Protein chains: 2
Amino acid sequence: MHSGPKHTGRTGRPPRLSQETIIFAAQDLLAAEGTRGLSMRRLARELDSTPMALYHHVRDKDDLLLLLLEEHARTIPRPALPEDPRDRMITAGQLLHDVLAGCPWIVEVLASDDLMAKSALWIVEAIVDSAVECGLSPEGAVDAYRAIWYYTAGELLIRVSRERRTAEASRPSHRDQTFATLSPDAYPRLSSLAGQWPELTRRDTHRQSLEALVDGLLARV
Amino acid sequence: MHSGPKHTGRTGRPPRLSQETIIFAAQDLLAAEGTRGLSMRRLARELDSTPMALYHHVRDKDDLLLLLLEEHARTIPRPALPEDPRDRMITAGQLLHDVLAGCPWIVEVLASDDLMAKSALWIVEAIVDSAVECGLSPEGAVDAYRAIWYYTAGELLIRVSRERRTAEASRPSHRDQTFATLSPDAYPRLSSLAGQWPELTRRDTHRQSLEALVDGLLARV
DNA sequence: ACCTGAACACCGTTCAAGT
DNA sequence: ACCTGAACACCGTTCAAGT
């Protein structure tokens with residue numbers, strides 16, 4: 001609303017584009033079509049502009065992704081965490097997961113850049129802090145955080161690609177074919193589970209595994 | 001060496017290309033330049049051929065990746081596993097990791113397709129089987145396998161991108177900048193660790209975390 | 001059967017120019 | 001300051017044609 005241009009330009013029409021409008025358009029594109037839908041050219045088209053106009057407001061595509069990351073991190077709620085350090089560790093880990101599950105494109109960015117949005121670092125702080133309070137050394141607490149982050153990132157990345165794949169639903173799934181032709185002698189467990197495999201792997205078991213991981217990590221003090 | 005063409009062609013010169021030569025060239029490309037180096041056009045250029053010639057031996061790029069996956073899986077050794085089911089579970093999990101760590105491009109393929117090469121399924125069988133022997137239900141064993149797989153995939157994916165990033169080493173790492181400007185009041189743990197963060201996160205802690213995860217999963221019987 | 005060339009519909013980004 | 005157009009160096013893939 002306070003859309004007065006910041007420059008004291010004595011000439012010319014007001015800018016048509018801004019970081020803000022670009023970010024909003026990019027969010028729409030991501031929500032509608034996922035990471036694959038977001039390209040500089042496509043974004044420009046959506047804004048009735050040219051690819052190069054964007055580069056006036058954003059350094060490059062990576063910079064745009066960073067801005068999107070910060071924007072999302074700003075919107076996440078910040079609930080009170082449990083007192084008990086083990087519970088706090090699990091709750092924070094769950095939060096890390098939930099915050100990202102809502103927009104999984106972010107995980108691809110996070111994984112591909114190893115960067116954390118500053119506005120989400122309080123979750124990392126909470127995990128490391130509760131781990132220390134549980135008796136881990138500072139180094140051990142960082143290791144524990146990393147294990148949780150790897151597990152979370154893997155879960156989200158694989159879930160995203162599974163959903164993308166089943167959405168496209170092109171061929172009869174290489175995996176199902178593989179399972180169908182499994183020799184019961186060589187693979188007794190897998191072939192006896194072959195029929196249930198799809199539904200078994202689709203279940204949401206994140207919470208239980210997170211608890212198991214945390215308990216396992218804390219058992220080593 | 002047994003390079004006789006399979007067709008009984010009564011005409012024409014022998015085929016210049018074959019799945020075999022294509023796969024070898026693709027492996028070289030991947031080894032030399034990673035996933036980003038592998039494109040159909042680039043591969044054709046490397047083979048002194050045209051992009052379209054490849055499509056005669058391979059359905060599309062995904063098919064080529066699948067062939068590469070199978071080829072790699074065939075080469076992995078198959079060591080004897082420990083008798084003790086917990087040890088076997090950990091050893092198999094470690095194996096899953098090690099087999100993939102050697103060619104991390106594979107993880108990107110695996111994650112993006114949720115497919116397992118048939119020749120590597122014995123590792124999955126070993127994990128699920130040992131989990132059942134440890135007292136988990138078949139469903140619980142699958143859940144345990146998935147937790148291990150998510151953790152492993154996350155670790156590898158993030159490691160690959162970290163290595164790629166530090167190799168390119170363009171800017172002074174957004175993450176380091178973020179850590180440097182952390183307020184000690186709001187982030188006491190993280191800011192006290194800020195200086196050590198790079199080396200702490202570079203350490204290989206896979207084995208310990210895997211053991212923690214397995215023990216945590218087995219503790220829930 | 002095996003390969004080529006031209007084409008289609010895309011990418012991210014640079015550079016020189018317009019207002 | 002802000003935007004445009006043309007260009008560069010790429011993608012995966014289809015289609016029609018050559019031998």
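Letters A, B, ... are given to chains in the order of the sequence lines, protein chains preceding strands, and every chain is numbered from 1. Since the model is a prediction, treat every value here as computed from it, not as a measurement.
No side-chain heavy atom of Tyr150(A) sits less than 4.5 Å from a side-chain heavy atom of Leu213(A). Within the 4.5 Å cutoff, side-chain heavy atoms of Asp143(B) are placed close to those of Arg146(B). No side-chain heavy atom of Ile127(A) sits less than 4.5 Å from a side-chain heavy atom of Trp149(A). At least one side-chain heavy atom of Ser49(A) sits under 4.5 Å from a side-chain heavy atom of Arg16(A). With contacts defined as side-chain heavy-atom distances shorter than 4.5 Å, the pair Leu54(B)/Leu47(B) qualifies.
Rounding to the nearest 0.5 angstrom, the gap separating the NE2 atom in His72(B) from the CD1 atom in Ile23(B) is 13.5 Å. Atom OG in Ser130(B) sits 9.5 Å away from atom CD1 in Ile90(B) (nearest 0.5 Å). Between the CD1 atom of Ile123(A) and the CD1 atom of Ile148(A) there is a distance of 12.0 Å, given to the nearest 0.5 Å.
Between Arg203(A) and Glu139(B) there is no salt bridge, since no side-chain nitrogen of the basic residue lies less than 4.0 Å from a carboxylate oxygen of the acidic one. Contact check on Arg202(A) versus Glu199(A) returns no salt bridge, with no Lys/Arg side-chain nitrogen under 4.0 Å from an Asp/Glu carboxylate oxygen.
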Dot-bracket notation for DNA chain C, counting Watson-Crick and G-U pairs under 3.5 Å, with | for partners on another strand: ||.|||||...|||||.||

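When every heavy atom of His57(A) is checked against every heavy atom of Ala53(A), the shortest pair comes out as CD2-O, 3.4 Å.
Rounded to an integer number of Å, the gap from Tyr55(B) OH to dC2(C) P is 18 Å. Residue Leu17(B) contributes atom CG, which lies 12 Å from atom C1' of dT4(C) at whole-angstrom precision. Remark: P of dC11(C) and CG of Leu54(A) are 12 Å apart, rounded to the nearest angstrom. A straight line from CG of Asp62(B) to C1' of dT13(D) spans 13 Å, rounded to a whole angstrom. Taking atom CE of residue Met40(A) and atom C1' of nucleotide dC11(C), one finds them 11 Å apart after rounding to whole Å. If you measure from atom NZ of Lys61(A) to atom C1' of dT14(C), you get 18 Å, rounded to the nearest angstrom. Between the CZ atom of Arg41(A) and the P atom of dT14(C) there is a distance of 13 Å, rounded to whole Å. Rounded to whole angstrom, the span from the CG atom of Asp63(B) across to the C1' atom of dT13(D) amounts to 14 Å.
Put simply, His57(A) has a side-chain N or O that comes within less than 4.0 Å of OP1 or OP2 on dC3(D). Between Ser39(A) and dC10(C) there is no side-chain polar atom (N or O) within less than 4.0 angstrom of OP1 or OP2.
The stretch residues 42-52 of chain A comes close to DNA chain C through Arg42(A), Arg45(A), Pro51(A), Met52(A), each having a heavy atom under 4.0 Å from the strand. Across residues 28-35 of chain B, not one residue has a non-hydrogen atom less than 4.0 Å from an atom of DNA chain D.
Distance check on atom C1': dC2(C) versus dA17(D) gives 13 Å, rounded to whole Å.
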